[in-house]
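What follows is a short report on a single structure.
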Amino acid sequence: MRSDAPEPHAPPATTLDHLRRIAGAAAGTKSADGGLIVRGIATIADAGPEHVTWIAEKRFASALATSRAGAVIMPEGFAAPPMPAIVVPDVEAAIAKVLAYFDPVRERPVPGIHPTAVIGAGACIEPTAAIGAQARVGEGARIGAGTVVHPGAHVAANVAIGRDCSIGVNAYIGDHCRLGDRVVLKPGAVIGSDGFGFFYRDGRHNRVPQIGIVVLEDDVEIGANTCVDRAKVSATVIGRGSKIDNLVQVAHNCTFGPLCIVTAQVGLSGSTRVGAGVVFAGQAGTVHDVAICAGARLGARAVVTKDILAPGDYLGFPALPLTESKRLSVAQRRLPELLATIKDLTRRIAELEAERTGRRTSSG
Amino acid sequence: MRSDAPEPHAPPATTLDHLRRIAGAAAGTKSADGGLIVRGIATIADAGPEHVTWIAEKRFASALATSRAGAVIMPEGFAAPPMPAIVVPDVEAAIAKVLAYFDPVRERPVPGIHPTAVIGAGACIEPTAAIGAQARVGEGARIGAGTVVHPGAHVAANVAIGRDCSIGVNAYIGDHCRLGDRVVLKPGAVIGSDGFGFFYRDGRHNRVPQIGIVVLEDDVEIGANTCVDRAKVSATVIGRGSKIDNLVQVAHNCTFGPLCIVTAQVGLSGSTRVGAGVVFAGQAGTVHDVAICAGARLGARAVVTKDILAPGDYLGFPALPLTESKRLSVAQRRLPELLATIKDLTRRIAELEAERTGRRTSSG
Amino acid sequence: MRSDAPEPHAPPATTLDHLRRIAGAAAGTKSADGGLIVRGIATIADAGPEHVTWIAEKRFASALATSRAGAVIMPEGFAAPPMPAIVVPDVEAAIAKVLAYFDPVRERPVPGIHPTAVIGAGACIEPTAAIGAQARVGEGARIGAGTVVHPGAHVAANVAIGRDCSIGVNAYIGDHCRLGDRVVLKPGAVIGSDGFGFFYRDGRHNRVPQIGIVVLEDDVEIGANTCVDRAKVSATVIGRGSKIDNLVQVAHNCTFGPLCIVTAQVGLSGSTRVGAGVVFAGQAGTVHDVAICAGARLGARAVVTKDILAPGDYLGFPALPLTESKRLSVAQRRLPELLATIKDLTRRIAELEAERTGRRTSSG
């Protein structure tokens, strides 16, 4: 690192009172400190006198005592901190708003088509859409108003993309796939690559044509280098508002209800059917053709091996309800102790048996 | 989604009799319904009166009763369905052929070199090959007849690619690597990146040069965003007709026999030697330098920790033969019950012992 | 494969004595064979009479008896091999040097800016840096001397990259991120994509702005298609000299000390704090917000679920110290046998109890 490099994005300074308005603090929370200058937001540990920090849970409140932060965003009902506070009814929303205020301007292609982009015949691109450098938009594709296709991204023929989407750098969308509005693809995401289907005949694996598409409904987000395969027939569907993290595999013909959360490196086998609001923690997975009901939450590394019929938490491989899984884990942790117990019992039984033999002999 | 969007790819309509010929049905299976118009193929649940559906296993036959499908592809020897049937000796092959018939035309660069592609000195590209927009072909590379290098793909210097290959959008092939005929790389695949090898000296990790290559033999398929690293010396080899899914890691100096199947997110450590026809289910893995004999099948999440010497199914970490692994799983599931049993036995032994003590005392 | 294809990179021939100098052999190890021609380096099994091979451990020495290698690199103190030897004090370093000697020339953009690259306003690119075909360098970005931005790579606005870095084909570096000197990104790596953070309000997942950056310190290496997310605030930091393999996920606000090793497909949850020299074997993981002390080594598939406070080896999910983990594994392997033992004990206790009852009855 060149330590003499100037900070590339000096955040705009503002006042504590201005941040209070941004954060949605009640009017009555103004204070004499309202004119305090704030230049950024930082964690409790990192914040300096010109930073605001935040605290969302009481158990972290004690850390404020040693923080150098100039101010703190916190929920109603907490004890008064040692620095000026922005007290808000919804601390998570307030933090998001203040983060957004300090978010530096990001690179973003301007509306129109970059001269190095390659546009296929019959592509229909709204004037307010932006097609970045070296992006490709295939024949017959449609790009909605306000959508940004970032540099190097590839929108294949006959793809339909809604309004205000962001197609990340070097991302790929295969032929005929459909994206709703406000869909975000992060860099390197691959949507609509062929599903993995073969049948063995005549000494080789023959490909099963994958003639379906991928549908990403409104407000879906797909992580960097994540893959969502096109369906064998019909569509692989990611439901409205679902968010998928990086390096996830979604195989052909999976269907998701709305508002699911899929954390990094999860792998979903073909034809997994996922209900509304299902959560997958990191590196979880499913076997082929299982259904997971709305409201189920799969823990890290859990593997769903049969249908999940009730909402709630599931852990393990095979994925079991939380209480059952924990009971198993506890029992497993006790295994070495169990071995010792059994050894002891075996010895004691042998003693009792020897004594019995002795009794029989002596009484014989 | 803009629900008023026209269907981008109306499939071509045909007749039931035409599909019978395509599917390889015996001539005698013609029926009065032969003129039925079919416009597509769909699952039993999704199919309408102008769709053909399919059924490959008897256990799904009952679903036909409530299907709206206009016709069904099915194997010989099943009960007559409630709709016209296409009865075939090889149902999987028949389904593949009908899927292929209804497969919409895909985007495909035309033969020749797109004006935005960048071609290195001395590259040798057959006239029937197609180099897409913004693709790069390095110095001295050779591209065989009928091969398509899709847009944004990168073929580095001195790579040799055979005939009728498909190098996916934004895929990468490193210097000197060699691909046979009919090889498919899906979007974002990385072939021939340097292997991960270091040795620690003088307070840092020093790189071990990786001077080998990757060889992908004929008919190999590599999934989206999958990585196959180049060898330290010699070659990382994927054998003829092997198929690798998305997001798989193949480390340096792995070698595969022909016709292997590697499902998504599998991770193979360096120098894994894989025999012919080995199957890896999702998220399986290997440790460094193990050999897996022909015909072994690794279950989901299995980790091979030592050589596998016999064909058959293996599960678990460490990977064990199926029967042994299942016996372990069953035993593990019974652990909580076991704890209760042992608690009970302990109590009962204590009682017997107490009684014995009583006897001794009373007889003393 | 076209078997008639000429070898694309014939390595330069040299003599055994020259290789001895390269490898750092002591002057006294010269022999009458010093003029032997060597054309390449290969494994013991693959090497022919014009190859040098190597041996680093005594247990492989017996393989030399049947090797066709013309010469062998080996450590001091081994028995004399059947072919001329290059005896060295540091065999790993010697192998690396000889590999480097035979490393074929790789494709590398020449200094300057390729005419198809797209450079933003105010970007500052050192004259000795090379910007490849169709690469993009955003507004205000700085590229240090000797750094290579390979074709199709994307350096976003206000990124700062040091000297002698290599930014791989189609890699991505997001706005404002900072790279030190000699940093290597392999193809498809995604640095500085937004972290995965949402909060649920008003019936949808709302994004938490991710306004921090990624810092890759000097000598860091990032694998192909690996993702390192930008921080919510402040920075996700990969410490000096750390090496990360392919397809790894590093979530927002992770921090690494220097000289860590992270093998393929590892997944690190948000805010993981990793000390100096920590090693993660393949497919390991962490849960959110754990700290791992310097010198810890996580085995394959290990999952860190709470802070690790002592250096050493850890295995399993949850990750436990090696000895504890092995004791558990051994106990688990004995479970089926345990079930049989308990069944036997149960029977024997029942017998003793029945006998007691008999005694009571007979004595009653």
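This structure is a prediction, so every number in the text was calculated from the model and none was measured. Naming convention: chains lettered A, B, ... in sequence-line order (proteins, then strands); numbering from 1 in each chain.
Ranked by heavy-atom pairs under 4.5 Å with chain B, the first of A:Arg301, A:Arg204, A:Arg327, A:Arg136 is A:Arg136. No other option in A:Val208, A:Asn253, A:Asp194 has as many heavy-atom pairs under 4.5 Å with chain B as A:Asp194. Interface check for chain A: of the options B:Pro258, B:Gly223, B:Ala96, the most heavy-atom pairs under 4.5 Å are formed by B:Ala96. Put simply, of A:Ser193, A:Ala251, A:Ser234, the one with the most heavy-atom pairs under 4.5 Å next to chain B is A:Ser193.
With a 4.5 Å cut-off on non-hydrogen atoms, B:Asp103 touches chain A through its backbone and its side chain both. Interface remark: B:Ala281 contributes no atoms to any contact with chain A (heavy atom separation under 4.5 Å). Both the backbone and the side chain of B:Ala350 come within less than 4.5 Å of a heavy atom in chain A. Residue contact with chain B, scored on non-hydrogen atoms closer than 4.5 Å, involves the backbone and the side chain of A:Asn225 alike. With a 4.5 angstrom heavy-atom cutoff, A:Ala171 touches chain B only via backbone atoms. Only the side chain of B:Glu221 comes within less than 4.5 Å of a heavy atom of chain A; its backbone N, CA, C and O stay farther away. For B:Ala224, the parts lying near chain A are the backbone and the side chain together; criterion is any non-hydrogen pair under 4.5 Å. Residue contact with chain B, scored on non-hydrogen atoms closer than 4.5 Å, involves the backbone and the side chain of A:Arg348 alike. No part of B:Val248 comes within reach of chain A, as not one of its non-hydrogen atoms sits under 4.5 angstrom from that chain. Heavy atoms of A:Val220 lying under 4.5 Å from chain B are absent altogether. Heavy-atom distances place no part of A:Arg240 under 4.5 Å from chain B, backbone and side chain included. Within the 4.5 angstrom heavy-atom criterion, only side-chain atoms of B:Asp90, from C-beta onward, approach chain A. For B:Glu92, the parts sitting under 4.5 Å from any heavy atom of chain A are the backbone and the side chain alike. Residue B:His150: no heavy atom, backbone or side chain, is found under 4.5 Å from chain A. Only the backbone of B:Val105 comes within contact range of chain A, judged by heavy atoms closer than 4.5 Å. Of the two parts of A:His154, only the side chain, counted from C-beta on, holds a non-hydrogen atom closer than 4.5 Å to a non-hydrogen atom of chain B.
Between B:Thr346 and A:Thr341, some side-chain heavy-atom pair lies under the 4.5 Å cut-off. The shortest distance between side-chain heavy atoms of A:Arg207 and B:Val184 falls below 4.5 Å. The closest side-chain heavy-atom distance from A:Arg334 to B:Leu339 is below 4.5 Å. Counting heavy atoms from C-beta outward, A:Val118 and B:His114 have side chains that approach closer than 4.5 Å. A:Ile211 is listed as a side-chain neighbour of B:Ile41, based on a closest heavy-atom distance under 4.5 Å. Annotation: side chain of A:Leu328 is in contact with side chain of B:Pro336 (closest heavy-atom distance under 4.5 Å).
Of all heavy-atom pairs between A:Gln249 and B:Ala264, the closest is CG-CB, 3.5 Å. Closest approach of A:Phe317 and B:Ala300 over heavy atoms only: CE2-O, 3.6 Å. Between A:Ala135 and B:Gln134, the closest heavy-atom pair is O-OE1, 4.3 Å. In terms of heavy atoms, B:Asn246 sits closest to A:Cys227 at ND2-CB, 3.6 Å. Minimum heavy-atom separation, A:Val233 to B:Thr43: CG2-CG2, 3.7 Å.
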Could you walk me through whether B:Lys186 and A:Val190 satisfy the side chain to side chain contact (heavy atoms under 4.5 Å, CB included) test, starting with their C-alpha distance in whole Å, then the side-chain angles of each, then the deciding distance to 0.1 Å, before giving a yes or no? CA-CA 9 Å; B:Lys186 292 183 180 174; A:Val190 172; over 6 Å; no
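Between B:Arg333 and A:Glu324 a salt bridge is recorded (basic side-chain N to carboxylate O distance below 4.0 Å).
One N or O on the side chain of B:Asn170 and one on the backbone of A:Asn170 form a donor-acceptor pair closer than 3.5 Å. Counting only distance, with no hydrogens or angles, the side chain of B:Glu107 and the backbone of A:Ala157 share a donor-acceptor pair below 3.5 Å. Of the possible donor and acceptor atoms, one in the side chain of B:Gln265 sits under 3.5 Å from a partner among the backbone N and O of A:Val266. A:His205 places a side-chain N or O within 3.5 Å of a backbone atom of B:Leu259 that can act as its donor or acceptor partner. Between the side chain of B:Asp245 and the main chain of A:Phe196, no donor-acceptor pair closer than 3.5 Å is present.
Going from atom CG of A:Leu352 over to atom CD1 of B:Ile349 covers 7.0 Å, rounded to the nearest 0.5 Å. To the nearest 0.5 Å, atom CG of residue B:Leu247 and atom CG of residue A:Leu247 are 6.0 Å apart. Atoms CG and CG, from B:Leu345 and A:Leu345 in turn, are 6.5 Å apart once rounded to the nearest 0.5 Å.
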